[in-house]
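Taking it in order: structure first as C-alpha cells, then the write-up.
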Amino acid sequence: AVRVVATLVADLPVVRGIVARERTKVIAKLREDMRASRAETGVTPIRSLPVRSTKRQRDLMRMVDEKRKALGETMVGVNRMSKASGAVYVGDAELLKVLERVYNAFSLANPMHTGIFPTTRAMEAEVVQMTASLVGGGSTGSGACASICGSMTSGGTESILTAVKASRDYMRHHRRITKPEMVIAPSAHAAFIKAAEYFNIALVKAPLDSGHRLTEKAVRRCLSRNTVLVVASAVGYPHGILDDVEGIAVLCKRRGILMHVDCCLGGFLMPFLKHVSPSIGGTKGEHVEDYRFDFELEGVTSMSLDIHKFGCSHKGTSVVLYRNTQIRKHQYTSITDWSGGLYISPGFAGSRNGALIATAWAAMIYHGLEGYIENTTHMMQCATRFKQAIASPGELAEHVELVGDPAMSVVAFKSRPGQRNIYVVNDLLGKKGWSMSALQNPPALHMCFTPAHSMEICEALIRDLRDAYMAADGDQDDDDDEGRAPLYGMAAKVPDKRIVGEFLTAYQDLLLEP
C-alpha cells in the first residue's frame with residue numbers, strides 16, 4: 001500500500017516538478033565532477049575526425065598509451081593480482097599471447113561470408129559442439145543428447161535475448177500463445193528484463209526462498225496457459241546460487257513449457273566441479289545430484305554459456321544452445337524477397353567478428369579438460385578460503401555473513417545486524433584499489449574469483465575487508481556525498497523506482513559524453 005500511495009504521489013505535477021529540479025541539480029553536479037576529473041587527466045577529448053592522417057604505428061600507439069596512462073587504465077589480471085570482482089578472467093600471460101596472435105591472424109574474418117572465410121565457420125561449429133559436450137550434448141557419455149545445437153553470440157546478453165526470442169516464437173507457432181509470459185526470479189540476470197521489454201513478454205517474478213534460491217514450488221504458482229518460458233540460473237549472478245533446476249525442469253517437462261538455464265556465469269566452471277575435491281567446494285564422488293543443471297534434464301530446452309568468462313577467451317564470445325533444431329530455427333531471420341538477394345542470418349547480427357570466434361576456439365583447445373579442471377580447482381580454493389574467513393571468529397565473522405549457499409566461485413556477503421553500512425565499506429575498499437560488485441535486496445557485495453586471482457590476492461582481500469570494517473565510522477550512513485554509498489542508499493529509500501530509473505538514465509547519458 002505504501003508503494004501504491006508513493007507512486008500516486010510521485011505522479012502529481014508538483015511532485016514531478018520537484019523531482020525534475022532535484023534531478024537537474026544532481027546531474028549538473030555529476031557532470032561538473034566528471035568534467036573536472038577528465039580535466040585533471042590532461043586528455044583533450046576528440047570531438048571530430050582529425051584532418052591529418054596518423055599512419056605511423058609508433059605515433060598512433062603513443063597516442064593510445066598516453067590516453068590509457070592519463071585515464072589511469074592499466075592491464076590487470078595476467079599476474080594473477082587483479083583486485084576486481086570478475087571482469088578479468090585471463091590470468092595466464094602465455095594464453096594472452098596466444099589469443100592475441102590468433103586474433104591477429106583472423107582480424108579481417110567475417111563468418112557472414114562463409115565462402116570467403118570458411119575457417120571461422122568451421123571454428124564456430126566446433127566451439128558450439130565442444131560447449132554442448134560439457135552440458136549433456138554430444139554422442140558420448142551418460143545422458144548425452146546428440147540433438148543439442150546452437151550458435152555463437154557476442155555475449156551473455158545476446159545469448160539470453162536470442163533464446164528468449166526463439167522460445168517465444170516457438171511457443172507462438174506450436175501453442176498459439178499470443179500474449180506470452182515469462183517466469184523469472186528476482187535474481188535472474190537483467191538481460192531477461194531487457195528481453196521482456198524488447199519482445200513484448202509479460203514478466204512474472206517468482207519469489208526466492210530463504211536461501212535466495214528459486215524453487216519448483218515458487219515457479220508452479222506462477223504458471224499460466226500463457227507461460228512460454230521459465231528461467232533458472234546455474235548460477236545466479238548476484239549470489240552465485242544454483243536454483244532448483246532439476247525440480248523446475250521436471251515441472252516444465254510435465255506442463256509442456258520451455259525452460260532456459262542461464263549458465264552464462266557458470267558454464268565453464270560448473271561442469272568441472274565433479275572433478276574437484278569436495279573439501280574445496282567440488283563434488284568429486286559426493287553430492288553430484290545436487291549439481292544437475294543441464295540438458296541431461298529432459299525439461300531443459302535452452303542454455304546460455306559465456307566463453308569470455310571462465311572459458312578465458314576474449315570478451316565478445318558466448319554460446320546459446322537448444323535441445324533441437326526445431327527451437328533454434330526460431331532465432332533465424334530468413335528473407336526471400338529482398339532485392340539484395342536471398343538472406344539468412346542466425347541471429348541479431350549480420351556481420352560478425354571472426355577473430356573473436358577464432359580466439360574462443362583457441363582458448364578451448366589451449367585449456368582442454370585438464371586446463372579447465374586446474375582453473376576450477378584454483379578458483380574454488382580461493383572461494384573456499386574466503387568463505388572460511390567469513391565464518392571464522394577473529395577474521396570476518398564478527399562483521400559479515402554469507403548470502404545463501406554459493407555453489408561456485410562467486411561469494412556474496414552482507415553486514416551483520418548492527419554492523420557498518422556495506423556500501424560505505426565498499427567505498428573504503430575502493431580507495432584501496434578493489435572493485436567489488438555491489439548488490440541490493442539485500443544490501444550486499446560479492447567477490448567473483450577468476451583465474452586472474454591468486455591465493456595471495458584472496459588473503460589481501462580478507463585483510464582489507466577486515467580493516468575496512470574497523471575503519472568505518474559506526475555512525476557513518478549512506479548520506480555522504482562521495483562514492484557509491486549515497487546512490488545505493490537513495491535507491492533503497494525511494495519507493496517509486498521510476499525516479500531511480502530516471503537518475504540512472506541521466507547518468508548513462510553522462511557516460512556517453514566525450
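Counting begins at 1 with the first residue of the sequence. Owing to the predicted nature of the structure, the values given are computational and were not obtained by experimental measurement.
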Under the rule for salt bridge (Lys or Arg N to Asp or Glu O under 4.0 Å), what residues qualify as partners of R416, not counting sequence neighbours?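 Applying salt bridge (Lys or Arg N to Asp or Glu O under 4.0 Å) to R416 gives E401.
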Return the set of residues passing salt bridge (Lys or Arg N to Asp or Glu O under 4.0 Å) with E158 (not counting sequence neighbours), or none when no residue passes.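 For E158 there are no salt bridge (Lys or Arg N to Asp or Glu O under 4.0 Å) partners, ignoring immediate neighbours.
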Pairs meeting criterion salt bridge (charged side-chain N to carboxylate O under 4.0 Å, His left out) with involvement of residues 440-454, two or more places apart: none
Applying salt bridge (charged side-chain N to carboxylate O under 4.0 Å, His left out), which residue pairs with at least one partner in residues 301-319 are found, sequence neighbours left out?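 Residue pairs passing salt bridge (charged side-chain N to carboxylate O under 4.0 Å, His left out), neighbours aside: D306-K309.
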Steps toward side chain to side chain donor-acceptor pair (under 3.5 Å) verdict (S318, S159): CA-CA 7 Å; S318 179; S159 287; 2.8 Å; yes
Before accepting this row, confirm whether a basic side-chain N of the pair K431/D427 lies closer than 4.0 Å to the acidic partner's carboxylate O.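 No salt bridge links K431 with D427.
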Pairing of R463 and E459 as salt bridge, 4.0 angstrom limit: no
Minimum heavy-atom separation for [X] to [Y], with atom names?
| X | Y | result |
| --- | --- | --- |
| S437 | Y237 | OG-OH, 3.4 Å |
| I201 | E181 | CG2-C, 3.8 Å |
| I422 | A444 | CG2-N, 3.9 Å |
| S82 | I457 | O-CG1, 3.4 Å |

Does the side chain of [X] pick up a donor-acceptor pair with the side chain of [Y] at under 3.5 Å?
| X | Y | answer |
| --- | --- | --- |
| H260 | S304 | yes |
| Y322 | Q331 | yes |
| S147 | N324 | no |
| Y103 | N353 | yes |

Can you list the residues that meet the side chain to side chain contact (heavy atoms under 4.5 Å, CB included) rule with S409, with sequence neighbours excluded?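 If we apply the side chain to side chain contact (heavy atoms under 4.5 Å, CB included) test to S409, skipping adjacent residues, the hits are L269, F310, M379, M380, A383, F449.
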Stepwise salt bridge (Lys or Arg N to Asp or Glu O under 4.0 Å) check, R80 with E456: CA-CA 9 Å; R80 290 205 165 188; E456 180 182 351; over 6 Å; no
Which residue in the set N375, T376, L369 passes side chain to side chain contact (heavy atoms under 4.5 Å, CB included) when paired with I373?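 It is L369; the other options fail the test.
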Nearest 0.5 Å please: distance from the CD1 atom of I248 over to the CG atom of L214.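 Output value for this atom pair is 4.0 Å.
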List the atom pairs, donor and acceptor, that lie under 3.5 Å between side-chain atoms in residues 121-130 and the rest of the protein, sequence neighbours left out.
residue: E124; atom: OE1; partner: R352; partner atom: NH2; Å: 2.9
residue: E124; atom: OE2; partner: M152; partner atom: N; Å: 3.0
residue: E124; atom: OE2; partner: R352; partner atom: NH1; Å: 3.0
residue: E126; atom: OE1; partner: W361; partner atom: NE1; Å: 2.8

